[in-house]
Chemist: 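This is the structure, below, for whatever I ask next.
Note on naming: letters A, B, ... go to the chains in the order of the sequence lines (proteins, then strands), and numbering restarts at 1 for each one.
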2 protein chains.
Amino acid sequence: MSNLISIKSATLSEDIAQQLMNAIVQGEIPQGSKISEPELAKQYGISRGPLREAIVKLEGLGLVTRTANVGARVIQLNTQDMLDTFSTREALEGMATRLAAANMKADEINSLYALLDKHQAYLDDNQDERYLQQGGNDDFHLRIIHASGNAKLIRLLTEELYAIIRMYRRHTSDQRSDPRQALREHRAILDAIANHEGDLAELLMRRHISRASSLLQQAMEKMTLASS
Amino acid sequence: MSNLISIKSATLSEDIAQQLMNAIVQGEIPQGSKISEPELAKQYGISRGPLREAIVKLEGLGLVTRTANVGARVIQLNTQDMLDTFSTREALEGMATRLAAANMKADEINSLYALLDKHQAYLDDNQDERYLQQGGNDDFHLRIIHASGNAKLIRLLTEELYAIIRMYRRHTSDQRSDPRQALREHRAILDAIANHEGDLAELLMRRHISRASSLLQQAMEKMTLASS
DNA sequence: CATCACAAAATTGTCGACACATTCGATAAA
DNA sequence: TTTATCGAATGTGTCGACAATTTTGTGATG
């Protein structure tokens with residue numbers, strides 16, 4: 001029962017939107033399933049008003065699809081949509097990396113190098129390898145995104161795309177990506193940023209994301225083959 | 001009174017969202033102004049329920065900002081936000097152009113050449129020059145975007161970005177861009193697409209958008225100087 | 001004259017109820 | 001058995017009203 005966690009936001013609608021988003025990304029509400037307003041309202045102990053506003057918001061984030069007089073359904077993950085999402089991410093995050101290369105100051109860059117060193121330590125000691133594959137990987141990307149200083153890019157990437165990307169990762173129960181290879185690519189990207197080589201930094205980031213997309217694609221196609 | 005136009009959609013909320021969006025983009029609701037729920041509800045003859053859902057949707061589109069217990073305001077256009085928006089557009093539409101170069105069939109390409117020929121004719125006869133500067137220009141871009149075949153890209157560009165871009169154009173009362181220069185650039189982009197040169201097509205589209213951004217920036221800074 | 005406190009008004013957030021559309025199930029017909 | 005039709009049940013869309021918060025306006029005080 002994840003609905004016991006009350007994050008206490010300013011408005012009920014925001015709370016519910018956040019909780020619904022988590023529930024969908026974590027797979028607690030299975031993909032493709034219908035969103036029943038009376039049921040959820042009773043479950044969360046609220047009325048349908050703020051719940052509907054939350055659903056409208058989730059539709060804007062692309063997590064659910066709505067049809068008039070019928071209702072909302074959680075999106076159905078599939079390979080084509082995943083490829084589309086990663087192409088979009090490649091374009092946006094490539095641009096973010098280019099801007100970061102132009103904007104980042106020395107101390108920010110050093111701080112990022114320190115983060116990568118920490119990742120290296122995790123790999124060498126292979127203590128908690130799960131940290132790297134999940135939060136740690138995203139840390140690097142998120143900090144570059146924010147370093148771009150472009151509010152539109154930040155919003156689209158962190159609010160619109162990353163929720164869905166996390167869904168895909170969780171859905172494929174985290175693929176057999178090579179963390180050491182990823183770390184090497186991160187280092188190369190950061191080196192380009194440190195040298196303020198925007199063109200190169202963008203190119204490397206795009207390749208990095210493109211590779212991750214290919215790996216995910218293979219994992220997904222293996223899954224659909226296994227289940228058919 | 002634009003609220004007499006009833007577009008008769010399936011649901012009231014969608015209708016209102018569409019009408020509000022038009023009113024904001026057209027400047028009928030001035031930027032930075034407050035969105036009063038009771039006032040708008042009375043004006044459109046509906047209750048606050050669907051109106052609020054429409055406002056939530058507009059917030060997702062980035063046309064209004066909301067603060068809890070205070071209300072919604074139309075976004076305030078400024079140069080920095082415009083530059084951010086165009087950088088984002090450059091990234092997304094560059095990727096769309098690359099994908100279009102890989103996907104477009106001969107008949108689609110010929111149809112686009114025909115469109116450019118029509119634009120050329122408009123310029124030579126300089127009949128209705130306003131067509132080109134407004135709808136005509138977008139036609140070319142929109143058809144390339146759709147030719148990308150990437151649903152995510154299409155949604156982000158046509159739903160999230162183009163509304164704001166139109167706002168900026170209208171706000172600066174359409175700048176002194178050179179339509180002939182733009183047409184030449186469109187031809188070069190289409191040539192690259194026809195040759196299936198994805199790299200080149202993306203590069204040219206990005207330059208094309210970057211130039212438009214610079215022109216808009218100049219126009220906006222001139223306006224802020226004039227009004228200070 | 002400026003500033004603060006407090007009450008009144010207006011606005012947002014939330015709720016329950018009703019109208020309408022869709023879906024489901026039973027019955028009848030082919 | 002299958003399909004079609006119709007009525008009941010469920011669910012979505014919309015409304016009006018109440019609760020809670022913010023804003024406004026008034027007067028007192030320095």
Side-chain angles (χ1 to χ4, degrees), chain A residues 3-21 23-24 28-76, chain B residues 3-21 23-24 28-76:
Chain A
N3 53 346
L4 295 180
I5 313 167
S6 66
I7 310 167
K8 259 292 157 44
S9 174
T11 157
L12 258 184
S13 176
E14 295 177 27
D15 268 0
I16 301 301
Q18 192 64 44
Q19 295 198 34
L20 275 182
M21 182 177 141
I24 290 176
E28 299 168 17
I29 305 179
Q31 50 172 308
S33 69
K34 185 158 179 353
I35 304 262
S36 166
E37 294 182 7
E39 185 182 331
L40 275 187
K42 191 162 59 181
Q43 185 173 336
Y44 286 106
I46 61 170
S47 96
R48 283 179 48 223
L51 176 62
R52 283 177 61 89
E53 294 182 13
I55 293 177
V56 170
K57 185 169 180 178
L58 289 188
E59 184 189 22
L61 295 179
L63 289 179
V64 305
T65 59
R66 291 202 321 157
T67 29
N69 292 316
V70 172
R73 303 193 85 89
V74 178
I75 55 165
Q76 184 77 263
Chain B
N3 53 345
L4 296 180
I5 313 167
S6 65
I7 310 167
K8 260 293 155 48
S9 174
T11 156
L12 259 183
S13 175
E14 295 177 28
D15 268 359
I16 301 301
Q18 191 65 44
Q19 296 197 34
L20 275 182
M21 182 178 142
I24 290 176
E28 299 168 18
I29 305 180
Q31 49 173 309
S33 69
K34 184 157 181 353
I35 305 265
S36 164
E37 294 183 6
E39 184 182 331
L40 275 187
K42 191 162 60 180
Q43 186 173 335
Y44 286 107
I46 61 171
S47 96
R48 282 178 48 223
L51 176 62
R52 282 177 62 90
E53 294 182 13
I55 294 177
V56 170
K57 185 170 181 179
L58 290 189
E59 183 190 23
L61 294 179
L63 289 179
V64 306
T65 59
R66 290 202 321 156
T67 28
N69 293 315
V70 173
R73 303 194 85 89
V74 178
I75 56 165
Q76 184 76 263

Chemist: Looking only at heavy atoms, which two atoms of Ala10(B) and Ala68(A) are closest? And how far apart?
Modeler: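 For Ala10(B) versus Ala68(A), the nearest heavy atoms are CB-CB, 3.7 Å.
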Chemist: How long is the straight-line distance from CD of Glu59(B) back to NZ of Lys57(A), given to the nearest 0.5 Å?
Modeler: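 One finds 6.0 Å between NZ of Lys57(A) and CD of Glu59(B).
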Chemist: Could you state the CD-P distance from Glu53(A) to dG13(C), rounded to the nearest angstrom?
Modeler: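 Between P of dG13(C) and CD of Glu53(A): 7 Å.
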Chemist: Sequence neighbours left out, what passes side-chain contact (heavy atoms from CB on, under 4.5 Å) with Leu40(B)? Give chain and number order.
Modeler: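 Leu20(B), Ile35(B), Gln43(B), Tyr44(B), Leu51(B).
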Chemist: Once you build an axis from the first five pairs and another from the last five of the helix from dC1(C)-dG30(D) to dA30(C)-dT1(D), how far apart in angle are they, to 10 degrees?
Modeler: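 The end axes of the helix from dC1(C)-dG30(D) to dA30(C)-dT1(D) are about 20° apart, to the nearest 10°.
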Chemist: Quick one: label Ile35(B) by what it contacts on the DNA or RNA (base, sugar-phosphate, nothing), any heavy atom closer than 4.0 Å.
Modeler: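 Sugar-phosphate contact only.
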Chemist: Give the first and the last nucleotide of DNA chain D, reading 5' to 3', that has any atom under 4.0 Å from a heavy atom of chain B.
Modeler: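 First-to-last contact on DNA chain D, by the 4.0 Å heavy-atom rule, is dG13(D) to dT23(D).
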Chemist: Would you mind reading off the distance between Asp15(A) atom CG and dG13(C) atom P, rounded to a whole angstrom?
Modeler: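 In whole Å, dG13(C) P and Asp15(A) CG are 13 Å from each other.
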Chemist: Any chance you could measure Ile55(A), atom CD1, to Ile16(A), atom CD1, to the nearest 0.5 Å?
Modeler: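 If we round to the nearest 0.5 Å, Ile55(A):CD1 and Ile16(A):CD1 are 10.0 Å apart.
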Chemist: To the nearest Å, give me how far apart CG (Leu12(B)) and C1' (dC20(C)) are.
Modeler: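 Taking CG of Leu12(B) and C1' of dC20(C), I get 12 Å after rounding.
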Chemist: About how many Å separate CG of Leu58(B) and CD of Gln18(B), when rounded to the nearest 0.5 Å?
Modeler: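 Rounded to the nearest 0.5 Å, the CD-CG separation comes out at 9.5 Å.
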Chemist: Provide, to the nearest angstrom, the distance between the CG atom belonging to Leu51(A) and the C1' atom belonging to dT14(C).
Modeler: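 Nearest whole value for this atom pair: 12 Å.
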Chemist: Of all residues at least two apart in sequence or in a different chain, which pass the salt bridge (Lys or Arg N to Asp or Glu O under 4.0 Å) check with Arg73(B)?
Modeler: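 Arg73(B): no salt bridge (Lys or Arg N to Asp or Glu O under 4.0 Å) contacts found.
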Chemist: Does atom NZ of Lys34(B) have more than 12 heavy-atom neighbours from other groups under 6.0 Å away?
Modeler: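 Atom NZ in Lys34(B) is crowded, with more than 12 foreign heavy atoms closer than 6.0 Å.
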Chemist: Closest nucleotide of DNA chain C for Gly49(A) versus for Lys34(B): which of these residues is on the 5' side?
Modeler: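 It is Lys34(B), whose closest nucleotide lies nearer the 5' terminus.
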Chemist: What closest approach, in Å, do Pro38(B) and Arg48(B) show between heavy atoms, and which atom pair accounts for it?
Modeler: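 Answer, listing the atom of Pro38(B) first, then Arg48(B): N-CD, 4.5 Å.
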Chemist: Looking at residues 56-75 of chain A, who's got a heavy atom less than 4.0 Å off DNA chain D?
Modeler: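 Output list: Ala68(A), Asn69(A), Val70(A), Gly71(A).
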Chemist: Under the salt bridge (Lys or Arg N to Asp or Glu O under 4.0 Å) rule, collect the residues that match up with Glu53(B), sequence neighbours excluded.
Modeler: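 Once residues adjacent in sequence are excluded, the partners of Glu53(B) under the salt bridge (Lys or Arg N to Asp or Glu O under 4.0 Å) criterion are Arg52(A).
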Chemist: Apply side-chain contact (heavy atoms from CB on, under 4.5 Å) to Ser33(B) and list each qualifying residue two or more places apart in sequence or on a separate chain.
Modeler: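 With sequence neighbours excluded, Ser33(B) shows a side-chain contact (heavy atoms from CB on, under 4.5 Å) to Ile29(B), Pro30(B), Val74(B), given in chain and number order.
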Chemist: Rounding to an integer number of Å, can you tell me how far Glu37(A) CD sits from dA17(C) C1'?
Modeler: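 In whole Å, dA17(C) C1' lies 15 Å from Glu37(A) CD.
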Chemist: Quick check for you: to the nearest 0.5 Å, what is the distance between Leu63(A) atom CG and Ile75(A) atom CD1?
Modeler: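 The distance works out to 5.5 Å.
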Chemist: It should be established whether Thr11(A) places a side-chain nitrogen or oxygen under 4.0 Å from OP1 or OP2 of nucleotide dT14(C).
Modeler: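 Yes, Thr11(A) has a side-chain N/O under 4.0 Å of OP1/OP2 on dT14(C).
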